[in-house]
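Note sheet for the following structure.
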Amino acid sequence: MATQDSFTTNSSNMRKYLDLPQNGNVIVEYIWIDSEGGVRSKARTLEEKAEPYTPEQLPVWNFDGSSTGQAPGDNSDIYLQPIAVFPDPFRGAPNLLVLSECIDNDGTPNKYNHRHECAKLMKAHAQHVPWFGLEQEYTLLDLTDRPYGWPKNGFPAPQGPYYCGVGAGKVVQRDIVEAHYKACLYAGVKISGINAEVMPAQWEFQVGPCEGIEMGDHLWLARFLLHRVAEEFGAKVSFDPKPIPGDWNGAGLHSNFSTKEMRVEGGMKYIEAAIKKLEGRHMEHIAVYGEGNEKRLTGRHETGAIDQFSYGVANRGASIRIPRECAAKGYGYFEDRRPASNADPYQITGIIMETIFGAVSD
């Protein structure tokens with residue numbers, strides 16, 4: 001297992017290579033989402049330009065989809081269509097990270113490409129100016145899949161001192177969390193905060209507010225950065241909503257949502273109307289709100305029951321929470337507390353738009 005000393009040594013050794021000139025070249029890391037909701041990437045060399053590349057200026061690339069569960073071996077090429085460009089915090093300027101959509105060889109979206117449909121919904125309903133904010137919870141594991149800070153046998157002390165904790169024995173792996181925070185800021189991800197969560201080795205970062213399709217793009221890039229940072233520290237990231245058995249809060253991906261109508265005086269009627277529509281499609285939402293969510297949505301530990309829809313003001317045990325401040329003002333936003341930590345942000349934001357404003361035909 002990597003240690004802090006080995007990380008420091010490796011970083012020192014790498015620095016002399018990272019600082020070498022690139023002779024007019026730029027390294028572009030193409031990033032995509034695989035069949036299991038993980039991130040993959042590979043790099044290529046392009047000629048450096050006076051201005052940074054835009055997605056439209058970058059070449060479409062490809063990969064072997066049979067090795068990622070996205071295509072059969074006898075028809076394995078999947079195309080990578082660049083859709084968002086970010087500065088690379090690992091290699092530094094002028095190098096780039098490029099989030100890409102997966103496209104089959106007939107030009108249609110790959111079956112695991114959930115961004116395509118989400119983007120259509122965002123474009124069709126753009127007049128409502130939808131803002132999203134996602135709260136991503138996760139657990140840091142060692143290479144034996146044991147949460148950091150847990151005893152080798154048994155469990156840590158009950159939850160209580162860990163949430164937003166400070167000090168040894170309360171939080172672990174803060175160095176990974178802080179490095180990820182800075183990497184996101186450098187890359188231009190709209191990360192808005194971090195905090196330790198209720199279980200040792202469980203943390204949360206927040207991204208947003210983001211408008212429309214930008215929400216999914218920035219959350220996926222933040223996930224990629226977290227995996228890469230943790231890799232350098234010899235750690236693993238789990239987005240499993242319940243990575244280890246026990247009487248602990250599961251990990252979620254809470255979605256804060258508002259439209260321009262909800263954010264002004266009188267907006268509460270639009271919030272309440274939206275919640276009513278969400279109630280009518282509760283199980284459709286649950287179907288795309290993450291694998292293993294039944295382990296988390298038990299009606300305990302600040303969750304609603306998976307088979308029941310509920311909402312309330314300042315109620316963290318409900319499916320939908322209206323913040324007390326918003327209820328007092330009569331406008332603002334609401335929080336959908338149902339999505340699990342491993343859910344796809346494109347599916348979360350897409351189905352919210354579809355339920356509230358309607359589906360979009362091809």
With rounding to the nearest 0.5 angstrom, report the [atom1] to [atom2] distance, [X] to [Y].
X	Y	atom1	atom2	answer
Arg15	Leu18	CZ	CG	5.0 Å
Tyr181	Ile191	OH	CD1	6.0 Å
Lys152	Thr144	NZ	OG1	9.5 Å
Ser66	Asp74	OG	CG	9.5 Å
Lys42	Asn62	NZ	CG	5.5 Å
Glu137	Met199	CD	CE	10.0 Å

Tell me the closest heavy-atom pair linking [X] and [Y], and the distance in Å.
X	Y	value
Val171	Gly165	CG1-O, 3.3 Å
Tyr333	Ser258	CB-CB, 3.7 Å
Ser310	Gly317	OG-O, 4.2 Å
Ala71	Ile78	CB-CD1, 3.8 Å

Residue of the set Ile348, Leu278, Thr303 for which side-chain contact (heavy atoms from CB on, under 4.5 Å) holds with Arg338: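 Of the listed residues Ile348, Leu278, Thr303, the side-chain contact (heavy atoms from CB on, under 4.5 Å) partner of Arg338 is Leu278.
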Working for side-chain contact (heavy atoms from CB on, under 4.5 Å), residues Ser341 and Tyr138: CA-CA 7 Å; Ser341 50; Tyr138 62 94; over 6 Å; no
Any heavy-atom pair between the side chains of [Y] and [X] that's under 4.5 Å?
X	Y	value
Asn95	Gln22	yes
Val172	Pro147	no
His227	Glu231	no
Met215	Met122	no
Thr139	Glu197	no
Lys120	Lys123	no
Glu211	Trp131	yes
Pro345	Trp220	yes

Looking at the rings of [X] and [Y], which for Trp means the six-membered one, are their centres under 6.0 Å apart?
X	Y	value
Phe155	Trp150	yes
His218	Phe132	no
Tyr346	His116	no

Can a donor-acceptor pair be found, under 3.5 Å and without considering hydrogens, that links the side chain of [X] to the backbone of [Y]?
X	Y	answer
Asn110	Gln70	yes
His285	Pro339	no
Lys329	Met268	no
Asp104	Gly107	no
Lys277	Ile356	yes
Ser100	Leu80	no
Asn342	Gly290	no

side-chain contact (heavy atoms from CB on, under 4.5 Å) evaluation trace for Val237 with Leu140: CA-CA 5 Å; Val237 180; Leu140 292 170; 4.0 Å; yes
Worked check of side-chain contact (heavy atoms from CB on, under 4.5 Å) between Val198 and Tyr163: CA-CA 4 Å; Val198 299; Tyr163 173 67; 4.0 Å; yes
Glu354 vs Glu284, side-chain contact (heavy atoms from CB on, under 4.5 Å): CA-CA, chis, key distance, verdict: CA-CA 11 Å; Glu354 180 183 273; Glu284 288 95 328; over 6 Å; no
Any pair counted as ring-ring contact (aromatic ring centres under 6.0 Å, His included), so long as it reaches residues 12-49, sequence neighbours left out: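 Checked against ring-ring contact (aromatic ring centres under 6.0 Å, His included) - neighbours excluded - the pairs reaching residues 12-49 are Tyr30-Trp61, Trp32-Phe63.
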No-hydrogen, no-angle side-chain donor-acceptor test under 3.5 Å, Ser319 and His282: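 No pair is found: no donor N or O on one side chain lies under 3.5 Å from an acceptor on the other.
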Side-chain donor-acceptor contact under 3.5 Å, Arg40 with Thr68: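 The answer is no; no qualifying pair exists.
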Verdict with supporting geometry, Ser238 and Asp240, side-chain hydrogen bond (donor to acceptor under 3.5 Å, both in side chains): CA-CA 5 Å; Ser238 173; Asp240 191 315; 5.1 Å; no
Cationic N near anionic O, under 4.0 Å, Arg115 to Asp217: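 Yes, this pair counts.
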Lys/Arg-Asp/Glu bridge criterion (N-O < 4.0 Å) met for Lys269, Glu272: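 Between Glu272 and Lys269 there is no salt bridge, as every charged N stays at least 4.0 Å from the carboxylate O atoms.
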Ring geometry between Tyr311 and Phe309 (parallel below 30°, tilted from 30 to 60°, perpendicular above 60°):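 Answer is tilted, since the angle falls between 30° and 60°.
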